[in-house]
Amino acid sequence: MIQSTSHDSSAHDTHHAPPAQFTVRVLRQDVPGGSSYWERHTVKRENDMNVISVLQRIAANAETADGEKTTPVAWDCNCLEEVCGACTMVVNGKVRQACSALVDKLLVDNPEEIELRPMTKFPVVRDLMVSRARLFRALQKVKAWIPVDGYYDMGSGPRVSAESQEQAYPLSQCMSCGCCLEACPQYTKIELKQEEGETAEAFQARQKEAYDRGFVGAHAISQVMLFNKHPTGAMNAGERLDALTAEGGIQACGNAQNCVAVCPKEIPLTTSIGRAGRATTVHVIKKFFDR
Amino acid sequence: MQGPRIISVEANSASFFSRNEFLIRRLHSLTGLVPVGAYMCIHLITNASTLGGAPMFQKNVDLIHSLGPALPIVEWSFIFLPLIFHAVVGVAIIRSGNPNLSSYHYVGNVRYVLQRATAWIALAFIAWHVFHMHGWFHNEWWLENVANEDLGGHRFDPKHAASTAALALEAPIRKLAYFIGVVSCVFHFANGLWTMGITWGVWTTAAAQKRANWICGAVGIVMTVVGLSALVGVAKTDVVAAQAYEDTKLQMKQEEEQRVAAENKRLSSLTAEERLAERKAREANH
Ligand code: HEM
Ligand code: SF4
Ligand code: SF4
Ligand code: FES
């Protein structure tokens with residue numbers, strides 16, 4: 001008998017009958033820069049669970065699968081509707097948002113176990129919490145905003161054509177989650193350690209420099225295209241393209257196109273990369289001959 | 001009109017490579033197409049002319065070698081140096097990445113990995129191939145002591161093009177190596193053409209990239225057929241007959257050269273009046 005896929009989580013098909021309980025394997029880490037270790041937890045299945053509710057059960061239980069007392073697993077979340085990006089982690093080997101990772105769907109792939117890991121490209125703060133500081137630093141580096149603040153009235157902005165809005169809207173949906181960076185083979189982890197006797201300021205300055213020298217990433221490239229497309233944002237187009245041609249700029253992309261495949265907001269990142277490739281080429285040639 | 005400036009990108013004391021990363025990467029991309037890629041296509045097409053028989057191949061090789069003493073300069077400036085640049089930067093690029101195919105099995109990711117795998121194959125193959133056929137350097141000591149028969153170097157003689165190429169590729173293991181090398185280089189070129197279009201912003205939208213993919217795929221298939229037909233060409237070459245043809249041609253060329261030299265010598269020994277008389281006699285004859 002062939003059954004069509006049903007949305008009913010208590011499907012009658014014996015092959016897909018959800019188990020009463022399942023194991024969650026969590027890659028834990030107690031301190032930044034510390035070593036990591038796997039821990040197994042048993043969780044009773046309930047209807048409509050997502051990975052966040054699984055983590056809530058684990059925290060409430062605070063006991064491993066072997067019945068040993070343990071500290072609650074730390075994680076980050078905020079919106080619970082896939083718009084803030086805070087809960088991004090590696091679920092069953094794929095980077096995604098924990099809040100929109102539905103347990104019943106995960107159990108279809110593997111009825112026994114769910115594996116949770118922190119993202120591998122960012123420094124771990126604790127357990128599943130990472131610091132996405134480099135992601136935000138990249139947005140700073142490329143000036144991913146439109147400067148309208150000032151002591152003088154800049155007047156009303158120019159009109160934006162409907163066509164231009166249509167192109168910009170998908171790009172504006174980026175939630176800075178970091179999926180595109182996690183899946184990118186050219187985006188490699190940068191994690192510095194604060195030296196003994198180094199002040200927090202000195203450490204942050206060192207970190208900022210290291211981040212600036214690493215690949216900016218697909219999200220930042222796409223934001224450049226968003227803000228350069230806007231008539232007011234275009235006033236700083238050259239500065240953004242300068243940032244994209246500096247060290248760690250667009251040239252570090254290797255066109256693997258994983259970014260566009262994993263982006264939960266389905267942002268056309270590789271179109272942005274192509275457009276930015278064209279814009280930076282023209283920009284660099286112009287700059288050379290205008291010198 | 002200029003908007004207010006926001007924080008500026010701070011200049012840091014970075015190495016030459018990192019300060020010029022953009023330029024170097026663009027040059028790497030460009031050299032992949034011209035001259036390296038363009039040369040590879042011409043090279044494969046020339047080689048495919050072995051299918052047309054020893055005379056045809058010899059004619060094409062003679063055309064290239066008509067550059068004479070300028071040939072090494074052209075070879076080094078338009079082929080070897082750009083290729084070495086592309087390869088050195090290419091290795092640095094490969095080392096800068098961290099493939100994750102085991103987690104993300106997307107087609108683009110497979111191609112990213114294949115682009116790098118074929119780069120390694122191309123590097124090894126081209127290094128061996130240039131030694132095998134060309135010998136790398138044409139200085140006497142080198143040819144005698146390194147690129148010699150024992151080490152299997154410098155096997156191609158442009159004056160005996162078809163016969164030496166066929167002999168060099170006689171062993172099945174060599175044919176296999178050339179098969180792998182050619183297919184890898186062509187894949188690397190065709191896939192590189194496609195990524196290049198994104199790098200330079202020629203095809204930007206997903207639909208355009210898909211269309212470009214067909215074109216680059218077609219280029220790849222055509223160049224594979226062209227490249228492999230050279231292998232068929234050398235396999236079909238009758239070495240003895242080809243050598244006989246090449247020797248006869250060489251001998252005829254030598255005789256012609258001797259005849260011209262003798263005639264020049266005779267003419268230079270004549271006085272101006274005698275030469276004038278000769279020319280008048282020739283014109284009257286016509
Ligand atoms: C037959 C010789 C070769 C040809 C025709 C060739 C051609 C190309 C082309 C057209 C590209 C595309 C550039 C772009 O995406 O912007 C490319 C990329 C590349 N080549 Fe080559 N190449 C050759 C040999 C090599 C060798 C020997 C290496 C290094 C071992 C190498 C390493 C690379 C790498 C790593 C890329 C990817 C660059 C990127 O994604 O940005 N290539 N090649
Ligand atoms: S296309 Fe570029 S940015 Fe996107 S995953 Fe590939 S290398 Fe990274
Ligand atoms: S571009 Fe997509 S994957 Fe990348 S940070 Fe933005 S929303 Fe996340
Ligand atoms: S909590 Fe905001 S995206 Fe998951």
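Reminder, nothing fancy here: chain letters follow the sequence lines and each chain counts from 1. Only heavy atoms go into these numbers, but all of them, side chains included; no hydrogens, no water, no symmetry mates.
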Side-chain donor/acceptor of [X] to backbone N/O of [Y], under 3.5 Å:
{"X": "A:W145", "Y": "A:F227", "answer": "no"}
{"X": "A:R240", "Y": "A:K143", "answer": "yes"}
{"X": "A:S222", "Y": "A:A218", "answer": "no"}
{"X": "A:R278", "Y": "B:G201", "answer": "yes"}

So which part of [X] gets closer than 4.5 Å to some heavy atom of chain B, the side chain, the backbone, both or neither?
{"X": "A:T270", "answer": "both"}
{"X": "A:I250", "answer": "side chain"}
{"X": "A:V142", "answer": "neither"}
{"X": "A:Q167", "answer": "neither"}
{"X": "A:T280", "answer": "both"}
{"X": "A:Q257", "answer": "side chain"}

Should B:R25 and B:E21 count as an ion pair when the cut-off is N to O under 4.0 Å? no
Please determine whether a side-chain nitrogen of the Lys or Arg among A:E115 and A:R25 lies less than 4.0 Å from a carboxylate oxygen of the Asp or Glu. yes
Please state whether the side chain, the backbone, both or neither of [X] comes within less than 4.5 Å of a heavy atom of chain A.
{"X": "B:Q115", "value": "neither"}
{"X": "B:V113", "value": "neither"}
{"X": "B:R111", "value": "neither"}

Ranking B:T204, B:V110, B:I93 by heavy-atom pairs under 4.5 Å to chain A gives rank one to B:T204
Per-residue tally against chain B (heavy atom, under 4.5 Å) across A:G277, A:G274, A:P185 peaks at A:P185
I'd like to know which of A:A183, A:P268, A:G249 tops the heavy-atom pair count under 4.5 Å against chain B. A:A183
Should the ring pair B:H134 and B:F80 be called parallel, tilted or perpendicular, given that the plane angle runs from 0 to 90° and is split at 30 and 60? perpendicular
Fit a plane to each ring of A:Y187 and A:F122, take the angle between them on a 0 to 90° scale, and name the class: parallel (under 30°), tilted (30 to 60°) or perpendicular (over 60°). tilted
